[in-house]
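Treat the numbers as computed from the prediction; the structure is a model and nothing was measured. Below, chain A is the first sequence line, B the second, and so on; all start at residue 1.
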Protein chains: 2
Amino acid sequence: MTDKCLQKKEEFRREILLAAREIFSLDGYGNFSMRKLASRIGYSPTTIYLYFKDKDEILFCLCEEFYVELHQTILKIVGENNDLLATLRRVLLAYVSFGLANPEQYRVAFFTNPSVYGSPATYMENDTMSRRAYLHYRDLVAACSAAGVLISMDGDTLAQVLWAGVHGVVSAALHTRDFPLVDPAILADVMVTGLLTGLGIRQTVCI
Amino acid sequence: MTDKCLQKKEEFRREILLAAREIFSLDGYGNFSMRKLASRIGYSPTTIYLYFKDKDEILFCLCEEFYVELHQTILKIVGENNDLLATLRRVLLAYVSFGLANPEQYRVAFFTNPSVYGSPATYMENDTMSRRAYLHYRDLVAACSAAGVLISMDGDTLAQVLWAGVHGVVSAALHTRDFPLVDPAILADVMVTGLLTGLGIRQTVCI
DNA sequence: ACGCATCACTTAACGCTGTTAAGCGGGTAG
DNA sequence: CTACCCGCTTAACAGCGTTAAGTGATGCGT
């Protein structure tokens with residue numbers, strides 16, 4: 001009864017989110033609106049508010065879906081590789097590819113409402129996919145540091161610097177359509193190589 | 001006559017831009033609107049359209065002001081230092097400071113309309129402050145490369161990777177108010193040190 | 001089977017947004 | 001003195017997120 005009702009409600013929510021993703025892909029984030037979403041699913045605009053508190057909740061759910069996919073991508077890479085540093089390198093490069101392949105979702109996750117997840121304190125209290133993906137990634141970086149292939153440094157700091165590097169590349173690619181940017185894949189490669197070398201324990205002897 | 005008229009028009013434009021900057025500082029980019037701007041300068045909303053084509057032109061002008069200040073900041077650092085690598089390091093760190101000190105302007109310049117400057121081709125044709133600042137910065141990086149303190153590589157690629165790194169730090173600081181981010185100053189320092197080391201010609205001998 | 005309540009949904013509305021068309025008043029040139 | 005031009009305003013359009021009120025069907029208790 002109530003069980004079936006909730007299930008039906010959940011199904012409708014998924015349907016709405018699916019339509020939302022379609023609009024994002026077709027028209028981009030800037031042209032997304034509640035009214036357009038409503039007309040796409042064939043209901044009046046206010047109906048959506050019976051299933052989602054407001055627009056922000058829809059954006060939050062889309063963020064979470066984004067992080068689910070991202071986390072799965074990372075997990076797959078980690079499972080396929082043994083060498084720590086090589087794994088990290090692939091993860092960072094895959095992050096850029098993932099961001100460029102899902103530009104609109106990336107926009108929602110990082111460049112819209114800067115506090116969809118609440119305060120930093122609540123971020124770490126609630127179990128979100130964003131948090132899970134981050135903690136897993138940070139542990140990978142910390143493991144590299146502990147194993148001696150990256151410099152000894154606070155795991156969060158090290159992880160966030162490496163992330164900021166690849167995030168900067170994605171951000172540049174997404175936001176500077178007016179600027180003659182070098183191929184993002186090349187930028188990503190140089191970035192990751194540069195950072196992992198600079199923050200790594202140098203084992204080669206140079207002049 | 002026409003001369004004085006144009007001058008008066010230019011003065012009014014500056015007055016509008018000043019009010020726009022005030023609104024950005026006070027209420028943030030998200031709460032900026034043409035109507036609010038109009039009421040601040042004491043005119044009806046449509047009056048602004050007699051001095052600016054549309055909202056985008058106002059944003060473009062604010063971007064240009066941003067780049068003027070940024071460029072001046074960089075020029076000052078370059079003038080005060082002799083050592084190429086030390087200069088570049090200071091410039092990159094100053095970029096982060098500048099971005100964090102002017103968050104709303106940074107938002108306008110990088111995270112709003114991604115093509116205020118037109119296409120990449122027109123970007124390099126027209127003489128904008130954005131272009132001037134970039135070319136000057138790129139030449140600094142290229143000089144480092146030519147002098148042998150950075151690896152030999154295409155100047156644009158090298159410059160854009162270094163920029164993407166610090167841009168990533170600023171972007172992270174501005175857009176992740178929900179995330180427990182490490183102090184951006186620390187991130188910037190590790191980022192710049194890491195990149196300049198990794199992309200530099202290593203002169204120290206390590207095991 | 002009837003009445004009532006609940007539920008899914010809609011219509012109407014508020015207060016915003018950027019932007020355009022039309023109009024109005026005053027100063028100036030012919 | 002008239003006609004035009006210039007600076008500015010009012011009115012309006014189309015859209016936005018969101019809320020309050022209403023409507024029609026469905027299912028439940030008696």
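If you measure from atom CG of Asp54(B) to atom P of dT20(C), you get 7 Å, rounded to the nearest angstrom. Across the protein-nucleic acid pair, Phe12(B) atom CZ and dG7(D) atom C1' stand 9 Å apart, rounded to whole Å. Rounding to whole angstrom units, CG of residue Asp27(B) and P of dC16(C) are separated by 14 Å. Distance CG (Asn31(B)) to P (dT17(C)): 9 Å, rounded to an integer number of Å. Between the CG atom of Leu37(B) and the C1' atom of dT17(C) there is a distance of 14 Å, rounded to whole Å. Atom CD1 of Ile23(B) is separated from atom C1' of dT17(C) by 14 Å (rounded to the nearest Å). Rounded to whole Å, atom C1' of dC16(D) lies 17 Å from atom CE of Met34(B). In this entry the distance linking NZ of Lys36(B) with C1' of dC16(C) reads 11 Å, nearest Å.
Taking a 4.0 Å limit (strictly below) on heavy-atom distances, residues 38-53 of chain A reaches DNA chain C at Tyr43(A), Ser44(A), Thr46(A), Thr47(A), Leu50(A), Tyr51(A).
In this view, Phe52(B) satisfies the ring pair (Phe, Tyr, Trp, His ring centres under 6.0 Å) rule with no residue, not counting sequence neighbours. Shown here are the side-chain contact (heavy atoms from CB on, under 4.5 Å) partners of Ser44(A), two or more places apart in sequence or in another chain: Thr46(A), Thr47(A). In terms of the side-chain contact (heavy atoms from CB on, under 4.5 Å) criterion, residue partners of Ala38(A) (sequence neighbours excluded) are, by chain and number, Pro45(A), Ile48(A). With sequence neighbours excluded, no residue satisfies side-chain contact (heavy atoms from CB on, under 4.5 Å) with Ser39(A). With sequence neighbours left out, Glu22(A) forms a side-chain contact (heavy atoms from CB on, under 4.5 Å) with Leu18(A), Arg40(A).
Remark: Arg13(B) engages Glu10(B) in a salt bridge, criterion side-chain N to carboxylate O under 4.0 Å. Ion pairing between a basic and an acidic side chain is recognised when a charged N comes within 4.0 Å of a carboxylate O; Glu104(B) and Arg107(B) show such pairing.
Residues in residues 134-144 of chain B take part in these salt bridge (charged side-chain N to carboxylate O under 4.0 Å, His left out) pairs, two or more places apart or across chains: Arg138(B)-Asp156(B). Within the structure, every pair that satisfies the side-chain hydrogen bond (donor to acceptor under 3.5 Å, both in side chains) test and touches residues 65-86 of chain B, not counting sequence neighbours, is listed here: Arg21(B)-Glu65(B), Asn81(B)-Arg90(B).
Comparing the helix axis at one end of the helix from dA1(C)-dT30(D) to dG30(C)-dC1(D) with that at the other, each defined from 5 consecutive pairs, gives an inter-axis angle of 30° (nearest 10°).
Checked by distance alone, Arg35(B) brings a side-chain donor or acceptor within 3.5 Å of a matching partner on the base of dG18(C).
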